[in-house]
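All of these numbers come straight from a predicted model, not from anything done at the bench.
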Amino acid sequence: MKAALYRRTGPAAEVLSVEDVETPEPGAGEVRVRITGSGVNPTDWKTRAGLTGQDPETFQIPHQDGVGVVDAVGRGVDPSLAGQRVWLHLAAFRNRYGTAAEYAVVPVGRAVPLPGDAPDELGACLGVPAVTAAHCLLVRGEGREALRDRTVLVAGGAGAVGHYAIELAKHAGARVVTTVSSDEKGELARAAGADLVVNYREPDVLERIQGFTDRVDRVVEVALGANLELDLALAGAGTVIAVYANEPDDPVIPTRRLMVANTSISYVLLYGVPEDELAAAVSWTAEAAGAGALSPLPVTRYGLDDIVAAHEAVEQGAVGKVILTP
């Protein structure tokens with residue numbers, strides 16, 4: 001099969017290549033998926049650059065997310081899954097066969113049926129962003145029922161995680177406030193269903209949000225250091241700030257203020273989430289997709305041969321989703 005891969009970490013142009021490799025066969029408990037779209041996430045380029053791990057032992061086909069059709073199943077897997085259209089998550093986690101190829105082999109639990117009327121673009125956009133958003137909203141083990149009539153603040157509502165945090169929170173019956181950095185991104189957040197969209201570059205952010213709500217119950221946070229003062233000003237007893245991204249410098253945590261407010265910070269890294277909690281987040285994402293509550297991000301497409309350009313676009317902060325077509 002044709003695959004993009006790297007044998008050592010480093011800059012995209014220096015380490016990524018497109019080669020012919022042996023098509024993998026699914027082992028016990030695995031499925032092979034013919035990939036029709038491979039989504040590129042920030043975590044993919046960071047891993048390839050060597051920011052989150054070591055060089056691969058042999059080679060690594062990158063990308064955690066994707067969409068395709070199951071074309072073979074391994075021992076112990078229901079044969080009726082063959083021919084099923086699926087979306088993938090964590091495909092390259094502890095697995096050399098990520099989705100940047102014509103085929104990927106993954107544990108069956110990482111291939112989730114995609115509703116028949118959902119476009120491929122949605123399947124390629126889900127995975128890490130949507131499951132991360134779901135876990136941020138479900139953190140502490142509460143069911144999504146706990147979000148009904150609550151207020152959620154989503155930092156960066158035009159980003160991939162932010163987009164799905166808005167849609168999932170609205171699907172659960174919550175009110176959603178979100179911050180963005182431009183009018184263009186504001187339109188994306190409104191299209192996702194946010195009730196209030198505020199440009200955080202403007203001086204009256206807190207006042208505008210307080211005109212909508214006295215406090216928020218959950219914060220889905222992309223930049224804790226930059227946004228902690230705003231989060232705390234809107235927090236109250238029981239507020240949870242779920243942080244899914246880091247910054248170059250670790251923020252100073254005001255323990256006393258958090259204690260007095262009875263507010264907590266929960267850190268989320270999908271790769272270390274306990275299996276039962278991961279399964280709950282995946283299940284909710286799948287249910288919401290099946291209900292038509294989730295939509296694709298704006299898509300920019302690249303061919304597999306252009307993987308270097310695709311990675312560089314994501315590194316430079318491309319809005320929406322970059323998708324490779326094998």
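- There is a side-chain donor-acceptor pair under 3.5 Å between D78 and S80.
- No more than 12 heavy-atom neighbours from other residues, nucleotides or ligands sit within 6.0 angstrom of CG on D183.
- Side-chain N or O atoms of E247 include one that pairs as donor or acceptor with a backbone N or O of A226 at under 3.5 Å.
- Checked for salt-bridge contact, R190 and E187 meet the test: a charged N lies under 4.0 Å from a carboxylate O.
- The only member of R32, R85, R34 that meets salt bridge (charged side-chain N to carboxylate O under 4.0 Å, His left out) when paired with D71 is R32.
- I323 and V314 fall into different hydrophobic clusters, where Ile, Leu, Val, Met, Phe, Trp and Tyr are joined by side-chain heavy atoms under 4.5 Å apart, directly or via other members.
- In terms of modelled atom types and a separation under 3.5 Å, the side chain of R218 and the main chain of C136 share a donor-acceptor contact.
- For the residue pair Q64 and N41, no side-chain donor N or O sits within less than 3.5 Å of a side-chain acceptor on the partner.
- Checked by atom type, the side-chain pair T43/Y271 shows a donor-acceptor distance below 3.5 Å.
- Between E315 and A12 the shortest heavy-atom distance is OE2-CB, 4.4 Å.
- Partner of R208 under the side-chain contact (heavy atoms from CB on, under 4.5 Å) criterion, out of D204, L206, V205: D204 alone.
- No more than 12 heavy-atom neighbours from other residues, nucleotides or ligands sit within 6.0 angstrom of CD on E57.
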